[in-house]
Undergrad: 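Let me give you the structure first, and then I'll get to my questions.
Within every chain, numbering begins at 1; the chains are lettered A, B, ... in the order of the sequence lines, protein sequences first and strands thereafter.
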Number of protein chains: 2
Amino acid sequence: MSRPCPQHQHPHRLIQQPLSDLTDKLRRGELKITAPRQAILDVLRKHSSPLTIKEIHTSLGKLDCDLATIYRNMHTLERMGLVRRYDFGDGAARFELSPEEGDGHHHHLVCTRCARIVELDDCFLNEFQDQLARRHGFTQISHRMEFFGICPNCQAP
Amino acid sequence: MSRPCPQHQHPHRLIQQPLSDLTDKLRRGELKITAPRQAILDVLRKHSSPLTIKEIHTSLGKLDCDLATIYRNMHTLERMGLVRRYDFGDGAARFELSPEEGDGHHHHLVCTRCARIVELDDCFLNEFQDQLARRHGFTQISHRMEFFGICPNCQAP
DNA sequence: CGGAAGATTGCAAACCGCTTGCATCTTCAA
DNA sequence: TTGAAGATGCAAGCGGTTTGCAATCTTCCG
């Protein structure tokens, strides 16, 4: 069922291609960029929406590798800054390159009928978030925010 | 392992005790308030934080009932206004009485080390949310927002 | 160069949250 | 009284995720 993973030929070959601007962090860490990892990052970079493991696996195409490998690598990449999201309501984790902080931080508007996702480009919560941290004595503060509704296509005529 | 459910004695007895202010909706609907449902609502009313199914099941104590019954009732109660949340990062759904809209709408600040949850009492997103709906043509819009950080107790000295 | 130690992967089994099919029981209405 | 509708317990099943293990590859050190 699963075709041979290219990993079999060159398992730990260090790949020196530049990563996306969002993944400089990854380079700074001591992470070996193996073929499956490179392929996973390529898929994530190609899509603007957060992807499930299954979607990533499907998108790998010829670079197909074992599901367990993807799951394990998502944990590894998460430690390096990848964002894991559970907020889409179906119980499956979704991943995206954009870090919670800094440039590229954004939120989504999700249609609850057809699952269409609209990217929102500005986040206005930084100041409020900082106030919150001071008020409650929290550090390393971050947030998640998603909007839900019914998109124009899905509204009954 | 599971002790006999009290349901066995009085399965569909209508219980007429007043529900919490948040659950007037439930009364208006045509929902039979059975013993397991009453017990579940009691547990939710006793806790200020959103609870997982497992936590609810544990809290039921002597009113213990089958897990499948809780799962089924959560769907039923959800249709009546109960709020299901997936935004706590472990993939398990959590439930709370407060509805998404109207009075009682609020968000949380979660400690990522000890899971302590701080309730935040004001939500300032309604106006922004309405703008968003107009701009993208969405209807029935709602949102989820959670903050994460490390609480004072968990910060290294 | 050779070989040990560590990292990564594929495979299969297990785990966990959740759902569903079925028999049983209660309620409610005819 | 009788039958339909709804709720529950039980057990099996499903999908997403994790884990144990052996094999393979890289790195490092003698």
Side-chain angles (χ1 to χ4, degrees), chain A residues 1-16 26 29-41 50-58 60 63-80 84-95, chain B residues 1-16 26 29-41 50-58 60 63-80 84-95:
Chain A
M1 179 171 283
S2 63
R3 61 187 70 111
C5 179
Q7 177 69 4
H8 283 146
Q9 283 82 44
H10 303 290
H12 298 157
R13 166 86 131 280
L14 283 180
I15 299 181
Q16 301 293 354
L26 296 178
E30 317 83 16
L31 181 69
K32 251 180 280 192
I33 303 295
T34 63
R37 284 174 188 160
Q38 181 71 42
I40 291 169
L41 290 173
L51 299 180
T52 63
I53 297 281
K54 199 190 292 182
E55 289 165 344
I56 292 170
H57 186 238
T58 305
L60 285 179
L63 297 174
D64 184 38
C65 67
D66 195 274
L67 271 177
T69 298
I70 304 181
Y71 278 105
R72 271 189 282 237
N73 276 324
M74 292 332 260
H75 284 289
T76 306
L77 294 170
E78 200 181 354
R79 287 202 309 274
M80 314 299 291
R84 176 192 298 258
R85 296 175 170 274
Y86 278 104
D87 7 4
F88 290 81
D90 60 356
R94 279 171 173 77
F95 300 87
Chain B
M1 180 171 282
S2 63
R3 62 186 71 108
C5 179
Q7 177 69 3
H8 283 147
Q9 284 81 44
H10 304 290
H12 298 156
R13 167 84 131 283
L14 284 180
I15 299 180
Q16 300 294 353
L26 296 178
E30 319 82 17
L31 181 70
K32 251 180 281 193
I33 302 295
T34 64
R37 283 174 188 160
Q38 181 70 43
I40 290 168
L41 290 173
L51 299 180
T52 63
I53 297 281
K54 200 191 292 183
E55 289 165 344
I56 293 170
H57 186 238
T58 305
L60 285 178
L63 296 173
D64 184 38
C65 67
D66 195 274
L67 271 177
T69 298
I70 304 182
Y71 279 107
R72 271 189 282 236
N73 276 324
M74 294 332 260
H75 285 288
T76 306
L77 294 170
E78 200 182 354
R79 286 202 310 275
M80 315 297 294
R84 176 192 297 257
R85 297 175 170 274
Y86 277 104
D87 9 5
F88 289 81
D90 59 356
R94 279 171 174 78
F95 300 87

Undergrad: Considering only heavy atoms from C-beta outward, does the side chain of A:Tyr86 approach that of B:Asp90 to under 4.5 Å?
TA: no
Undergrad: For a quick check of understanding: with a heavy-atom distance under 4.0 Å over all strands, which category does B:Ala93 fall into, base, sugar-phosphate or nothing?
TA: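 It contacts sugar-phosphate atoms only.
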Undergrad: Spell out, as yes or no, whether a donor-acceptor pair under 3.5 Å connects the side chain of B:Asn73 to the backbone of B:Thr69.
TA: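 Side chain of B:Asn73 to backbone of B:Thr69, a donor-acceptor pair under 3.5 Å: yes, one is there.
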Undergrad: Within the 4.5 Å heavy-atom criterion, are A:Leu63 and A:Gln38 side-chain neighbours or not?
TA: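 They are not in contact (no side-chain heavy atoms under 4.5 Å apart), so the answer is no.
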Undergrad: Could you say whether B:Arg72 or B:Asp90 is positioned toward the 5' end of DNA chain C, judged by the nucleotide with the nearest heavy atom to each?
TA: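 Checking each residue's closest nucleotide, the 5'-ward one belongs to B:Asp90.
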Undergrad: Given C:dC18, D:dG9, C:dT9, which nucleotide is nearest the side-chain atoms of B:Cys65?
TA: D:dG9
Undergrad: May I ask you to verify if any side-chain N or O of A:Lys54 is less than 4.0 angstrom from the OP1 or OP2 atom of D:dG16?
TA: yes
Undergrad: Quick one: CE on B:Met74 to CG on B:Leu51, what's the gap to the nearest 0.5 Å?
TA: 8.0 Å
Undergrad: What integer distance in Å separates B:Arg84:CZ from C:dT19:C1'?
TA: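 Those two atoms, CZ and C1', are 11 Å apart.
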Undergrad: Any side-chain heavy atom of A:Ile70 within less than 4.5 Å of one from A:Pro36?
TA: no
Undergrad: Rounded off to whole Å, could you give me the NE2-to-C1' distance for the A:His57 and C:dC11 pair?
TA: 13 Å
Undergrad: May I have the distance from B:Asn73 (atom CG) to D:dT8 (atom C1'), rounded to whole angstrom?
TA: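 Rounding to the nearest Å, CG of B:Asn73 and C1' of D:dT8 are 9 Å apart.
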Undergrad: On DNA chain C, does the nearest nucleotide to A:Thr69 precede the nearest nucleotide to B:Thr52 from the 5' side, or the other way round? Give the residue.
TA: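 Checking each residue's closest nucleotide, the 5'-ward one belongs to A:Thr69.
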Undergrad: Output the rounded distance in Å from CG (B:Asp66) to C1' (C:dG21).
TA: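 After rounding, the reported distance stands at 14 Å.
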Undergrad: Measure the distance from CD1 on B:Ile70 to P on C:dT19 and round it to the nearest whole Å.
TA: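 The distance from CD1 of B:Ile70 to P of C:dT19 comes to 13 Å, rounded to the nearest Å.
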Undergrad: What nucleotide, of D:dT19, D:dG16, C:dG17, holds the atom closest to the side chain of A:Tyr71?
TA: D:dG16
Undergrad: Base, sugar-phosphate, or nothing: which does B:Leu67 touch, judged by heavy atoms less than 4.0 Å apart?
TA: nothing
Undergrad: Check every atom of C:dT8, D:dT17, C:dT19 against the side chain of B:Ala68 and return the nucleotide holding the closest atom.
TA: C:dT19
Undergrad: Please report the distance, rounded to the nearest Å, between CZ in A:Arg85 and C1' in D:dT17.
TA: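 Checked: the CZ to C1' distance equals 20 Å.
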Undergrad: OP1 or OP2 of C:dC18 sitting under 4.0 Å from any side-chain N/O of B:His75?
TA: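 Indeed not, no polar side-chain atom of B:His75 lies that close.
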